J.: 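Encoded as structure tokens, here's the structure I'll be asking about.
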Amino acid sequence: MDDYPALAMHVDGEWLGTEGRRTHSVVNPATGQVLAELPLADAADLDRALDAAARGFTTWRHTPAEDRARVLKTAAALLRERAEHVATVATTEQGKTIHETRIEVHMAAGALEWAGEEARRLYGRVLVRPTGMRSIVVKEPVGPVAAFAPWNFPIGNPGRKLSAALGAGCSVVLKPPEEAPASALEVLRALLDAGLPPGVAQVVFGVPDEVSRHLLASPVIRKMSFTGSTAVGKHLMKLCADGMKRTTLELGGHAPVVVFDDVDVDKVLDAVVPAKFRNAGQVCVSPTRFYVQRGIYDEFVEGFTRRAAQLPVGNGLDEANRMGPMANPRRVEAMGRFIEDAESHGAKRTTGGDRLAADGFFWEPTVLADVPLSARVMNEEPFGPLALMAPFDTFDDAVQNANRLPYALAAYAYTDSAKRAMLIGDALEAGMVGINTERLGAADAPFGGVKESGHGAEDGPEGVEACLVTKAIHQS
Ligand code: NAD
């Protein structure tokens, strides 16, 4: 990409560049080539961001809801106008295909628009007492939010975090991923061009642990929102405990897919194979453990394998490709380790399993059949293009296997029986369940997990609600 944007932080209405700061090299994962240098915040930058967020909160919480709504909805329209540019930036720095990043622009725009509309519906309630006394329950923005967005949805996730906080009337210090920073800056630019006042949204980059420790130690920050691994989520929640800060944590997943033997196998495969290899499997709700009823197991594995082997893999900017590289070399190394371990436990590789001979961080779409529960990959989130297959016999066996892990973000089931659909929807432990669909996200529906996949939800009324506190005013 010739016009990959210059990278800077944004604090108190000012752009802060690389001069005099440590830097991080942003790499194109499809080629391994350096795209640009990213400035990293030092302690003084972070203090400045905190001061600005404190002042920005005063400005924004007192901005009429109609005006907040206008900014968010105008930003959504600007993002849509700029969709092709923003999608190209995201594919260049993160790797996923241009088809996916185009959708992601609309995901961010949808979140901004929804939160803008929701900003006008932050109702309280009045309780009228017989004595003439009244109790008034009001919703107030929680305060400045520290938000940490990961590299796998570099447009959509910052869009989600900014929209909820700004819709509720909070200011924000956002740390997008250092690996894919320009996408989040495009979302910020749309908000600034739409009239967001200075100091309301700061964007900083840095050494993640330094930034989170610094921001979360400050009394200015009243809420933290994080998307990433369970291990880091637990660490950040502990940091928040000291200041009793509210948390929204969207952490890892290991989604089971229960496929009953009454389905049209080809139809299910047409849906789940592209879903598995979306973003090279680096998706928290990626369908991962395929539990397939024994009568159709062989047919399902064979059909999955054939489709996976035919998937066009390559640079995501090429319209013909359906899977891009992995976002970073860490994921490539992790794939090799997971597959070796699974094979040593008896899993059968039916396709893939190797790095692709290319300059970037490409890994073949891989299918492992008959994967035993003892394999590491059946217990740890692979976060890559690995589909794991195992047969089951009864409904209860499927549910037991599906629910056996501490992860409980997404779960899926495919059946043609209305009764089974209802029973499995109730039985699966997850924050989100897809029955005969692999589509779980929508601007108006909550997105989040339970158990060790985190707590709280983003999107929908729940996302905005998570940035509000209630106050009861009793008046006689
Ligand atoms: P990681 O655990 O090092 O980092 C995960 C994310 O957390 C990254 O965006 C990183 O910048 C951020 N992070 C790490 N330490 C942090 C800290 N102390 N303070 C603030 N932010 C911090 O792992 P990784 O190699 O980048 O990603 C691999 C794993 O992360 C995957 O196995 C997956 O479980 C998880 N992940 C999940 C999601 C999701 O959508 N839930 C997204 C990205 C990564």
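Worth saying up front: this structure is predicted, and the values here are computed from it rather than measured. We're numbering straight along the sequence, starting at 1. First listed ligand is number 1; within each ligand, the first listed atom is number 1.
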J.: Of the choices Phe148, Trp151, Phe383, which has the non-hydrogen atom that lies closest to atom 8 (C) of ligand 1?
T.: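 Shortest heavy-atom distance from atom 8 (C) of ligand 1: Trp151.
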J.: Determine whether the side chain, the backbone, both or neither of Pro177 has a heavy atom under 4.0 Å from any heavy atom of ligand 1.
T.: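 The answer is neither; Pro177 stays 4.0 Å or more away.
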J.: For Val257 and Pro287, work out which heavy atoms get closest and say how close.
T.: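 In this case the closest contact between Val257 and Pro287 is CG2-CB, 3.4 Å.
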J.: Using side-chain contact (heavy atoms from CB on, under 4.5 Å) as the criterion, point out the one residue from Val367, Asp354, Thr305 that pairs with Arg349.
T.: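 By the side-chain contact (heavy atoms from CB on, under 4.5 Å) criterion, Arg349 pairs with just one of Val367, Asp354, Thr305: Asp354.
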J.: Looking at atom 24 (P) of ligand 1, tell me if a protein heavy atom falls under 4.0 Å from it.
T.: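 Within 4.0 Å: yes, protein heavy atom nearby.
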J.: Between Glu100 and Arg278, does at least one N-O distance fall below 4.0 Å, as a salt bridge requires?
T.: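 So Glu100 does not pair with Arg278 through a salt bridge.
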J.: At under 4.0 Å between heavy atoms, is it the side chain or the backbone of Phe226 that contacts ligand 1, or both, or neither?
T.: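 Only the side chain of Phe226 comes within reach of ligand 1.
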J.: Which of the numbered atoms in ligand 1 are under 4.0 angstrom from any heavy atom belonging to Glu250?
T.: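 Atoms satisfying the 4.0 Å criterion: 41 (N).
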J.: Protein heavy-atom contact under 4.0 Å for atom 10 (C) of ligand 1?
T.: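 No, no protein heavy atom sits under 4.0 Å from atom 10 (C) of ligand 1.
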J.: Within the 4.5 Å heavy-atom criterion, are Pro5 and Leu185 side-chain neighbours or not?
T.: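 With C-beta onward as the side chain, the pair stays apart.
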J.: Write out the residue and atom name of the closest protein heavy atom to atom 30 (O) of ligand 1, then the distance separating them to 0.1 Å.
T.: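 The closest one turns out to be Ser229 CB, 3.5 Å.
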J.: What do we get for Arg331 next to ligand 1 when only non-hydrogen atoms under 4.0 Å count, side chain, backbone, both or neither?
T.: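 Near ligand 1, Arg331 shows its side chain, while the N, CA, C and O stay back.
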J.: Which ligand 1 atoms are under 4.0 Å away from a heavy-atom of Ser212?
T.: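 Reading through ligand 1 atom by atom, the close ones are 17 (C), 18 (N), 19 (N), 20 (C).
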J.: Decide, yes or no, whether a salt bridge links Arg189 with Glu186 under the criterion of side-chain N to carboxylate O below 4.0 Å.
T.: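 Yes, this pair counts.
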J.: Please collect all ring-ring contact (aromatic ring centres under 6.0 Å, His included) contacts where either partner lies in residues 142-173, sequence neighbours excluded, each pair once.
T.: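 Non-adjacent pairs meeting ring-ring contact (aromatic ring centres under 6.0 Å, His included): Trp151-Phe383.
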J.: To which of Val232, Leu409, Asp209 does the heavy atom nearest atom 14 (C) of ligand 1 belong?
T.: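 Looking at heavy atoms only, Val232 sits closest to atom 14 (C) of ligand 1.
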J.: Between Glu104 and Ile155 (side chain of the first, backbone of the second, donor and acceptor by atom type, cut-off under 3.5 Å), is there such a pair?
T.: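 Between the backbone of Ile155 and the side chain of Glu104 there is a qualifying donor-acceptor contact (under 3.5 Å).
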J.: Closer than 4.0 Å and a protein heavy atom, does any atom meet both conditions relative to atom 3 (O) of ligand 1?
T.: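 Protein heavy atoms within 4.0 Å of atom 3 (O) of ligand 1 - there are none.
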J.: May I ask you to say whether Asp51 pairs ionically with Arg55, meaning some side-chain N is under 4.0 Å from a carboxylate O?
T.: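 A salt bridge is absent here (no side-chain N lies under 4.0 Å from a carboxylate O).
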J.: Relative to the heavy atoms of Arg330, which atoms of ligand 1 are at a distance of less than 4.0 Å?
T.: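 By the 4.0 Å cutoff, the relevant atoms are 24 (P), 25 (O), 26 (O).
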J.: Give me the atom names and distance for the closest heavy-atom approach of Leu174 to Pro158.
T.: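 Leu174 and Pro158 have their closest heavy atoms at CD2-CB, 4.0 Å.
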J.: If the threshold is 4.0 Å, N to carboxylate O, is there a salt bridge linking Arg102 and Glu319?
T.: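 Salt bridge flag = yes for Glu319 with Arg102.
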J.: Where does Leu251 meet ligand 1, judged by heavy-atom distances below 4.0 Å: at the side chain, the backbone, both, or neither?
T.: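 Backbone only; the side chain of Leu251 stays clear of ligand 1.
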J.: For Pro150, take its heavy atoms, then give the atoms of ligand 1 lying under 4.0 Å from any of them.
T.: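 The atoms of ligand 1 under 4.0 Å from a heavy atom of Pro150 are 9 (O), 42 (C), 43 (C).
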J.: Could you list which atoms of ligand 1 come closer than 4.0 Å to a heavy atom of Thr227?
T.: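 Per the distance check, 39 (C), 40 (O), 41 (N).
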J.: If the plane angle is over 60° it's perpendicular, under 30° parallel, otherwise tilted; pick one for Phe290 and Phe300.
T.: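 Tilted.
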J.: In ligand 1, which numbered atoms sit nearer than 4.0 Å to a non-hydrogen atom of Cys284?
T.: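 Contacts of ligand 1 toward Cys284, numbered from 1: 39 (C), 40 (O), 41 (N).
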J.: What about Asn152: any of its N or O atoms under 3.5 Å from an N or O on ligand 1?
T.: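 Yes; the residue has a nitrogen or oxygen that sits under 3.5 Å from a nitrogen or oxygen of the ligand.
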